[in-house]
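Let me begin by presenting the structure, written as structure tokens, before commenting on it.
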Amino acid sequence: MILVLFLLLAAGCSTGDVQCGKGTHLEGDTCVADDGDTGAEADTDTDTDTDTDTDTEQRVIGWFVEWGVYDRDYHVADIPAHALTHINYAFIDVTADGECQPYDAWAALEKDGGNYAQLMELREAYPDLRVMMSLGGWTLSSNFSDVAMTEASRASFVSSCVDLMLTYDFDGIDVDWEYPVEGGLTTGRPEDTENFTLLMAEFRD
């Protein structure tokens with residue numbers, strides 16, 4: 001099953017290129033869940049989490065940006081993976097031919113073995129971690145309107161993205177279209193609203 005995230009993370013705080021989600025705060029370089037305590041006394045909370053519904057479990061999602069390995073000198077080894085449930089790899093290119101492709105192939109696949117492979121090694125060390133591939137972003141969203149426009153273009157695009165996900169062993173796909181209809185670097189179409197919904201349905205299928 002493909003896990004598709006339809007979100008832009010509204011982070012409460014950040015460390016390097018990793019963000020802490022809402023309901024968490026930083027302690028050093030670690031994202032820690034807020035417990036509502038206001039005093040300095042020891043936490044006497046006796047609540048026990050017995051919820052087995054995965055839809056209600058807390059997710060702490062960090063973005064790893066591909067270009068961070070350059071001027072920022074921020075690498076996969078710097079990610080505080082122990083504090084995260086998911087890592088979104090930003091970004092995968094949405095090409096004019098309607099395909100998902102690595103954007104900076106050298107950073108993604110070659111530099112020190114490539115970011116993709118390093119992330120999969122990190123996941124081996126943290127088996128509960130999920131590594132997602134994020135499509136588009138501000139710079140690479142220009143072709144979304146075209147790939148979402150018809151049933152055939154949607155099916156072809158999604159198939160390409162799933163192939164890329166399976167080839168490099170990602171756990172799922174995050175769709176980061178900036179933005180349907182208007183905004184971003186490229187003006188879209190009024191039909192984007194409906195076509196975006198249909199594109200998400202194709203990903204779910």
Side-chain angles (χ1 to χ4, degrees), residues 1-12 14 17-22 55 59-72 74 84-109 115-116 119 130-205:
M1 177 178 177
I2 302 169
L3 175 60
V4 184
L5 301 180
F6 317 115
L7 60 89
L8 293 173
L9 182 62
S14 66
D17 290 320
V18 177
Q19 299 175 333
C20 296
K22 285 184 177 180
D55 288 340
R59 291 167 173 81
V60 183
I61 305 171
W63 293 81
F64 182 84
V65 295
E66 189 168 69
W67 60 93
V69 300
Y70 297 115
D71 291 345
R72 297 183 187 183
Y74 193 91
L84 301 174
T85 62
H86 295 71
I87 295 172
N88 284 2
Y89 186 88
F91 286 102
I92 305 297
D93 194 12
V94 180
T95 74
D97 294 329
E99 296 183 349
C100 279
Q101 289 185 357
Y103 180 58
D104 181 346
W106 186 74
L109 304 175
N115 291 334
Y116 293 1
L119 282 165
R130 296 293 174 262
V131 182
M132 316 291 291
M133 51 186 249
S134 290
L135 315 181
W138 178 263
T139 303
L140 304 178
S141 286
S142 298
N143 296 312
F144 264 121
S145 185
D146 287 343
V147 302
M149 189 165 51
T150 70
E151 182 178 355
S153 63
R154 290 188 294 270
S156 177
F157 175 64
V158 169
S159 178
S160 171
C161 294
V162 171
D163 285 346
L164 187 74
M165 180 190 75
L166 296 175
T167 296
Y168 295 108
D169 203 22
F170 285 97
D171 294 301
I173 297 170
D174 162 57
V175 177
D176 191 5
W177 181 348
E178 300 184 21
Y179 299 96
V181 183
E182 62 182 347
L185 291 178
T186 304
T187 301
R189 301 176 170 90
E191 296 86 356
D192 287 346
T193 299
E194 180 180 359
N195 292 340
F196 175 79
T197 303
L198 293 170
L199 181 64
M200 296 303 98
E202 186 71 25
F203 272 112
R204 285 185 181 274
D205 288 344

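A 4.5 Å side-chain heavy-atom check between Tyr168 and Ile92 finds every atom pair outside the cut-off. A heavy-atom distance below 4.5 Å is not found between the side chains of Leu164 and Glu99. Between Ile61 and Met132, every side-chain heavy-atom pair lies at or beyond the 4.5 Å cut-off. Within the 4.5 Å cutoff, side-chain heavy atoms of Leu135 are placed close to those of Cys161.
Taking every heavy atom of both residues into account, Thr139 and Leu185 meet most closely at CA-CD1, 3.8 Å. Minimum heavy-atom separation, Ala107 to Glu66: CB-CG, 4.0 Å. The minimum heavy-atom distance linking Thr95 with Val147 is given by the pair O-CG1, 4.3 Å. The heavy-atom pair separating Asp171 from Met165 by the smallest distance is C-SD, 4.3 Å. Between Gly184 and Trp138, the closest heavy-atom pair is CA-CZ3, 3.4 Å. When all heavy atoms of Ala90 and Ser134 are compared, the closest pair comes out as CA-CB, 4.2 Å.
Taking the six-membered ring where the residue is Trp, Tyr116 and Tyr89 present perpendicular rings, their angle passing 60° and hence far from 30°. Ring geometry, Trp63 versus Phe91: the interplanar angle falls from 30° to 60°, so the pair is classed tilted.
Within the structure, no pair that satisfies the salt bridge (charged side-chain N to carboxylate O under 4.0 Å, His left out) test touches residues 131-145, not counting sequence neighbours.
In terms of modelled atom types and a separation under 3.5 Å, the side chain of Asp192 and the main chain of Val181 share a donor-acceptor contact. A donor-acceptor pair under 3.5 Å links the side-chain atoms of Ser141 to the main chain of Glu178, judged by distance alone. A donor-acceptor pair is defined here as one N or O able to donate and one able to accept, closer than 3.5 Å; no such pair exists between the side chain of Ser160 and the backbone of Ser156. Remark: side-chain polar atoms of Asp176 are not paired, donor with acceptor, to backbone N or O of Gly136 under 3.5 angstrom. In terms of modelled atom types and a separation under 3.5 Å, the side chain of Glu202 and the main chain of Val158 share no donor-acceptor contact. Between the Asn143 side chain and the Val94 main chain, a donor and an acceptor come within less than 3.5 Å of each other.
Here the straight-line distance linking atom CH2 of Trp67 with atom OH of Tyr103 works out to 9.5 Å at 0.5 Å rounding. Between the CE atom in Met133 and the CG atom in Asp174 there is a gap of 10.0 Å [rounded to 0.5 Å]. The distance from atom CD1 of Ile87 to atom CZ of Phe170, rounded to the nearest 0.5 Å, is 10.5 Å. In this structure, CD on Glu182 lies 8.0 Å from OG1 on Thr187, to the nearest 0.5 angstrom. For the atom pair CG of Asp205 and CG of Leu198, the computed distance is 10.5 Å after rounding to the nearest 0.5 Å.
Contacts of Thr85 classified as side chain to side chain donor-acceptor pair (under 3.5 Å), with partners at least two apart in sequence or in another chain: none. Judged as a side chain to side chain donor-acceptor pair (under 3.5 Å), and not counting sequence neighbours, the contacts of Asp146 are Arg189.
Not less than 6.0 angstrom separates the ring centroid of Phe196 from the ring centroid of Phe144.
With Leu199 as the fixed residue, the side-chain contact (heavy atoms from CB on, under 4.5 Å) test singles out one of Met149, Glu194, Arg154, Arg204: Arg154.
Counting heavy atoms of neighbouring residues, nucleotides and ligands inside a 6.0 Å radius, atom CD of Glu191 exceeds 12 of them.
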